[in-house]
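What follows is a short report on a single structure.
Just so it is clear, the model here is predicted, and its values are computed rather than measured. In each ligand, atom 1 is the first atom listed, and ligand 1 is the first ligand listed.
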Amino acid sequence: MQSSVSSVSLTSTLVPFQGGIALQCSQFRVPKAGPFLFLMGGLDSDCSVLFIASSFRKCSKKECQTLVTAQLELKPPPYSLNALEPHMSRETFEYHWGKHHRAYVDNLNRQIVGTELDGMGLEDIVVATYNKGDTLPPFNNAAQVWNHDFFWESMKPGGGGKPSGELLELIERDFGSFEEFVKEFKTAAATQFGSGWAWLCYKANVLDVGNAVNPFPSEKDKKLVVLKSPNAVNPLVWDYSALLTIDVWEHSYYLDYQNRRPDYISIFMEKLVSWDAVSSRLEKAKARALEREQEAEQRRREEEEATSGDGEDMEMYVDSETEDSEAE
Ligand SMILES: [Fe+2]
């Protein structure tokens, strides 16, 4: 029996119906039934069976782990685990990256394996599972993986200080001064109730984000903005370009600062921020915005040409009809 077992995964909210023996599975084992095995079933986010049609048995925990085939990987921070000491300890990193971040990756792989999300890029998974505010089960893990990758790269040994060049110019333009920006960022991070994140973003467009409440009105386009988000939510869901973030979940600072979140935030700004990374992200954000503007302009021209073409056709038709009418 064991030798004829194939693995199948079903996630009802994403892929309510799948078929074929090539399906991957982290949750169930099922006897092979030939080349056209079709199954229906569902799981909730913690692997419990919601419904399943056929004679499945749930995997043991060990089997579930060994059968996972989705391949999103835990990215290491761009520095060693003790590189940010004494401001962020190795012990914090061992828990934060080594356990919390790893768990988000592992859980996400289990949730998406065998679904249409498997093989998509992480950003696309985040946006797809945010589902315009009506979130799907993998969203929290997907967003937390993205957020933590982004957070590690927002810091560097010997960071902090003040940015320069165009980044500083835009900060001064949009916040009045660097000091005012720091004050606003710190306030956002300190006042995020419970777990969440604070962000500096470049907002360059207003796209269709459905029922996701857009935190800023359209007149803020092409500007830097500071915002905070609860739990795993991040600026991808508003189509903003994130430039900088700080994790204000307690697991990010409790070992080093206990309940003193404001102290952690101050040290982050003064000693850890990688302004090089923020500047590099700003360049990419502006290039992305320019590319989108050019694409929008191209679409507008094509629509104009199409409309113009429609008018000519209509005129020719009318003329022809008129001639016929006169001929009668
Ligand atoms: Fe975290």
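- At a threshold of 2.8 Å, the Fe ion (ligand 1) has a backbone or side-chain N, O or S atom of H96 nearer than that distance.
- Cation-pi geometry between R288 and Y202 is not met: the NZ or CZ atom fails to fall both under 6.0 Å from the ring centre and inside 45° of the normal.
- Using a cut-off of 2.8 Å, one finds that H101 contributes no N/O/S atom close to the Fe ion (ligand 1).
- Using the six-membered ring where Trp is involved, F151 and W197 have ring planes that are perpendicular, over 60° apart on the 30 and 60° scheme.
- The pair R301-E297 meets the salt-bridge criterion, since a charged nitrogen lies less than 4.0 angstrom from a carboxylate oxygen.
- For the Fe ion (ligand 1), the nearest N, O or S atom contributed by H251 is named NE2.
- By the 4.5 Å heavy-atom criterion applied to side chains, H96 and M88 are not counted as neighbours.
- With the Fe ion (ligand 1) at the apex, D247 OD2 and H148 NE2 define an angle of roughly 100° (rounded to 10 degrees).
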